[in-house]
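All remarks here apply to the structure that follows.
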Amino acid sequence: MGNSLSREIYKFTHQRTPLYGFLVMIALMLYSSIPSYKVNPFLITQGFGAIQWCTIIMVAVSADFISMEYRNNTMVTLLFRSNHPFTIYLAKLITLVVYGIMAGFVCSLILMLFLGNNYSWSDSFHGYPLIVALGYNFLGAFIYLMFTISLSLLLVILLKSNSIVIIIGLAVDFLGANFSGLLMNILPKQLWAWNPLNMINIIVQLSNQSTIKITHLSNFELLLGNGCYTLLFIILGLWAFKNYQK
């Protein structure tokens, strides 16, 4: 596992896409934070928009990371040399999730230093200090990134087209929560609340319990839902990965 992870990190850091993703994230966070009157406790606890933008950017980064192997015809060689495809797949997943969280968290701390002068990390937000609320939201972002990246990997392995995967990912991240809320006004909430589009709300609910009125799921239920969907996507993605056809 250690060798697979080292290899994936090396390949990932020697691509241009992670750098582009990092620069785009900073630009979008600045867009969310400037002019300065937009800076408020909610924005700070959302990492100056990093948590929302990170999930969107990582769809594109994840799709390109895998499709690059198909474009360069290295996937067959990679699978042929390994007796454990699961370790390769898991190493790719870990690399992408850690990159997304670390990039967003570092950018958040930097912007807090320059734009958050009117606030202190000890200020309260829904009963939590800002730094604690930020930590809860990044925990939610970590969990949801596992969901969205495992889905992206599954789709790009099946479709072998990063452009289609990006379009699907953007549709889910931009419209998923609103579409889920609309359907919950029509269908039985007890059942539809477990739909995958509702899982994105974990990035705000852990630090804001009033969001339960929207999700109709407790924190534990959201954690359970994200975990089950992630596990399902990983199992399907591993099956597709092992049964790769050029």
Side-chain angles (χ1 to χ4, degrees), residues 17-64 96-149 151-152 166-181 197-211 214-215 219 222 226:
T17 304
L19 175 61
Y20 294 156
F22 185 79
L23 295 176
V24 169
M25 185 182 299
I26 292 178
L28 290 173
M29 290 171 66
L30 288 172
Y31 168 78
S32 300
S33 309
I34 298 175
S36 59
Y37 67 79
K38 289 186 177 180
V39 176
N40 53 56
F42 174 77
L43 185 64
I44 292 173
T45 60
Q46 288 296 304
F48 294 88
I51 291 175
Q52 288 82 3
W53 294 125
C54 182
T55 59
I56 295 170
I57 290 171
M58 288 310 299
V59 171
V61 173
S62 302
D64 186 75
L96 290 165
V97 172
V98 171
Y99 163 79
I101 289 296
M102 291 301 298
F105 192 72
V106 169
C107 289
S108 300
L109 295 180
I110 292 173
L111 288 189
M112 181 62 177
L113 181 64
F114 290 101
L115 301 179
N117 296 330
N118 294 329
Y119 298 95
S120 168
W121 285 120
S122 60
D123 292 343
S124 179
F125 178 79
H126 292 292
Y128 299 105
L130 288 182
I131 187 65
V132 174
L134 177 66
Y136 276 134
N137 287 337
F138 265 102
L139 174 61
F142 171 80
I143 295 168
Y144 186 69
L145 273 182
M146 293 287 291
F147 171 101
T148 194
I149 291 176
L151 175 59
S152 297
I166 290 171
I167 291 172
I168 295 173
L170 292 178
V172 170
D173 287 336
F174 273 117
L175 305 176
N178 291 334
F179 185 69
S180 173
L197 300 178
N198 197 25
M199 297 300 112
I200 192 175
N201 288 300
I202 196 171
I203 65 178
V204 295
Q205 182 166 305
L206 295 183
S207 67
N208 185 358
Q209 297 304 302
S210 64
T211 311
I214 299 174
T215 64
N219 288 350
L222 266 183
N226 272 277

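Remember, predicted model here, so these are calculated numbers, not experimental data.
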Residue pair Leu23, Leu19: steps toward the side-chain contact (heavy atoms from CB on, under 4.5 Å) verdict: CA-CA 6 Å; Leu23 295 176; Leu19 175 61; 4.2 Å; yes
Donor-acceptor under 3.5 Å (Asn137 side chain, Leu134 main chain): no
Positive for side chain to side chain contact (heavy atoms under 4.5 Å, CB included) with Asn226, one of Ile202, Asn198, Thr148: Ile202
Other residues, nucleotides, ligands: >12 heavy atoms within 6.0 Å of Phe142 CZ: no
From Leu145 atom CG to Ser152 atom OG, the distance as rounded to the nearest 0.5 Å: 9.5 Å
Side-chain touch Ser207/His126, heavy atoms, less than 4.5 angstrom: no
Nearest atoms (heavy-atom pairs only) where Phe22 meets Tyr99: N-OH, 3.2 Å
Separation between CG of Asn201 and OG1 of Thr215, rounded to the nearest 0.5 Å: 6.0 Å
Side chains of Gln209 and Asn219 in contact at under 4.5 Å (non-hydrogen atoms): yes
Derivation of the side-chain contact (heavy atoms from CB on, under 4.5 Å) call for Val132 and Phe125: CA-CA 9 Å; Val132 174; Phe125 178 79; over 6 Å; no
Interatomic distance, Met112 atom CE to Ile110 atom CD1 [nearest 0.5 angstrom]: 13.5 Å
Minimum-distance pair of heavy atoms, taken over all atoms of Leu43 and Val39: CD2-CA, 3.8 Å
Residue pair Ile203 / Gln46: nearest heavy atoms and the distance that separates them: O-NE2, 3.5 Å
Closest non-hydrogen atom pair, Ile51 against Ala141: CG2-CB, 3.8 Å
Check: Pro41 and Leu130 side chains under 4.5 Å, non-hydrogen atoms: yes
Residues Tyr144, Phe147; criterion ring-ring contact (aromatic ring centres under 6.0 Å, His included); working and verdict: CA-CA 5 Å; Tyr144 186 69; Phe147 171 101; 5.2 Å; yes
Spatial distance of atom CG (Leu30) from atom CZ (Phe48) [nearest 0.5 Å]: 10.0 Å
Aromatic plane relationship, Tyr136 with Tyr128 - under 30° parallel, 30 to 60° tilted, over 60° perpendicular: perpendicular
Separation of Ile57 CD1 from Thr17 OG1 (nearest 0.5 Å): 12.0 Å
Ala60 versus Ile166, closest heavy-atom pair with distance: CA-CG1, 3.7 Å
Separation of Trp53 CH2 from Ile26 CD1 (nearest 0.5 Å): 14.5 Å
Minimal non-hydrogen separation, Ala133 against Thr45, with atom names: CB-CG2, 3.5 Å
